[in-house]
Number of protein chains: 2
Amino acid sequence: MADPERSTELLWGTGARRGLSLERIVRAAVELADAEGLAAVSMRRLAERLGFTTMALYRHVPGKTELLDLMRDAVHDEHEPSGAKGAAEWRAELETWARREREAYRRHPWLVETVDVRHVPGPRAVAAFERGLEIVARTGLPPAEVVASVELLAGLAGSAARQSAVAVRAERSTGVSDQEWWNRRDSLFAHFDRYPTLSRLYEQGAYDTPLDPFEFGLQRVLDGIEARVRDESRDESKCEVCGRPVERPAAGRPRSYCSPACRQRAYRARRSG
Amino acid sequence: MADPERSTELLWGTGARRGLSLERIVRAAVELADAEGLAAVSMRRLAERLGFTTMALYRHVPGKTELLDLMRDAVHDEHEPSGAKGAAEWRAELETWARREREAYRRHPWLVETVDVRHVPGPRAVAAFERGLEIVARTGLPPAEVVASVELLAGLAGSAARQSAVAVRAERSTGVSDQEWWNRRDSLFAHFDRYPTLSRLYEQGAYDTPLDPFEFGLQRVLDGIEARVRDESRDESKCEVCGRPVERPAAGRPRSYCSPACRQRAYRARRSG
DNA sequence: TACCAGAAGTGTACGTTGTAGACATACGAA
DNA sequence: TTCGTATGTCTACAACGTACACTTCTGGTA
């Protein structure tokens, strides 16, 4: 206890201040990306922002790609776990799940720029995925379709985010609002009378109050999944495991699985599940 | 005709060979991206491939971003125009339209990496869009929904392409097949028993024969649009122009438009259209 | 208390990238 | 023949990710 200054520092949270750490780096990188876009996140600028040299970062992070992995996982907030609700509420729950996914992109528009590299999924991202699976699984769709449905919605969130992120990023880089930017493209629109349907729809006001692409897509996709669920529960003509069509036997009880292999898989699943 | 050599050259196609041109540059860039990915397309490498110096390119192209715009438009092939088919076939036609969009991504996986900048759409891209609008417009959906539907499908194609492009690109860069790569991630999967639904679905074989994300999504979205179309044609409670709900008058003929402004827009459209 | 291994941070350097700016050449019209 | 314009070349710069060798700081053991 010879140095009360040092002790105070260690005890009162400033402890983490001096000295780099993985967490500090990732947080700073996210802040930087939020504020100025992903392009602004260079190792040099990041280090400068933290008050260290560039190479100091490499003591904590193997390279920039790994840093991006960490950033991506860091911004996934925890989806609250399902209260094991009944199967009936799946649609409403899935709807809010998807909105939450979309929300992440809204808070961190740079996420859409990081999708083109192979990621190792992090714990938070997988937790969000799990939550989605859990909701859709209750519909009774075959496993492969459960996965496909959740990925479809995740893709939709990304897609919609991409569409609007373009506007945000461009506005920042050019200092011109999206509206303004398109208004200046007269020379572009001048060519558009060659496209009759496009012109007609435009004149009918299709672009006056455009629909939110995400909300529109969300309802279409949910309708599509709902239709699928109804289909599934009505007739037994699809294999419960892989979703492939099942031939109806000439007489007797209709089959549930397309092959012995699938029946066996379902059995194992019931036993372990 | 003093120089037959020169004439021969001009007449027999080699004419375009010596000397750079916008078209040659764009074509070479597309070829390079197809072969080695978008990352390989640097101004230096491109120039080298063409047998010119780097800066020669800048005599034809203002900068790299514009080059990307041109590349993107160049790979949109012409969708054959609709034969003005009946409204009934819209679903089948839209399905093949979407597959065609998807196909473009399959031929040119680097397309997915170019989506995060603001594009000026080119003639070929707009033509493809127009074709999609034309098909959906026949369903009688309100204009804004027609646009949203086509954009939804285009987004789906991009989304699915993104998912599979990751595998392609990663395989090229690491020399390891996608399957192999994931097999080596034992240390990752070891953490996955914390996620019960994910584990269960996995054991049920959800990942043994995964569905094609695009085909699955396509059917869901088409189902969703179809449901919407049925909805629309059954009751008149939505404005034909903007899709907002229309209040039903106490007596008399139900209204088609939510406001005089929309009715007027529809009138103008009918007159010009 | 002395020591020393390893962690943490620094400094320099290399090979890329996109592109600005000055210079050279070649060609069509006057 | 001359001259403006289009085209291609050369050099140079700032920014990028990161390899490598160096110093400094710290915490446990003799």
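Residue numbering restarts at 1 for every chain, and letters A, B, ... go by the order of the sequence lines.
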Practice prompt. Could you please spell out the steps behind the side chain to side chain contact (heavy atoms under 4.5 Å, CB included) verdict for A/V126 and A/H76?
Written response: CA-CA 9 Å; A/V126 178; A/H76 265 96; over 6 Å; no
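Ranked by how close their nearest DNA chain C nucleotide is to the 5' end, A/R44 and A/L57 are led by A/L57. When each of A/M43 and B/M55 is assigned the nucleotide of DNA chain D with its nearest heavy atom, B/M55 is the one assigned upstream, toward the 5' end.
In this structure, of C/dG11, C/dG18, D/dT9, it is D/dT9 that holds the atom nearest to the side chain of B/T53. The listed nucleotides are D/dT18, D/dC16, C/dG9; the one nearest the side chain of A/Y58 is D/dT18. Minimum atom distance to the side chain of B/R59 is reached by D/dT7, of the listed D/dT7, C/dG9, C/dT19.
The CG-C1' distance, from A/L38 to D/dC16, rounds to 14 Å in whole Å. Rounded to an integer number of Å, the gap from A/R45 CZ to D/dT18 P is 18 Å. Across the protein-nucleic acid pair, A/F52 atom CZ and D/dT24 atom C1' stand 14 Å apart, rounded to whole Å. Rounded to an integer number of Å, the gap from CG of A/L46 to P of D/dT18 is 13 Å.
From A/E101, atom CD reaches atom CG of A/L153 across 9.0 Å, with rounding to the nearest 0.5 Å.
Judged by the 6.0 Å distance and 45° axis criteria, B/R131 is not positioned over the aromatic ring of B/F129. The cationic atom of B/R194 (NZ for Lys, CZ for Arg) does not lie both less than 6.0 Å from the six-membered ring centre of B/F192 and within 45° of the ring axis.
Of the side-chain N and O atoms in B/H60, none sit less than 4.0 angstrom from OP1 or OP2 of D/dA6. Using a 4.0 Å cut-off, some side-chain N or O of B/S42 falls inside it from OP1 or OP2 of C/dT17.
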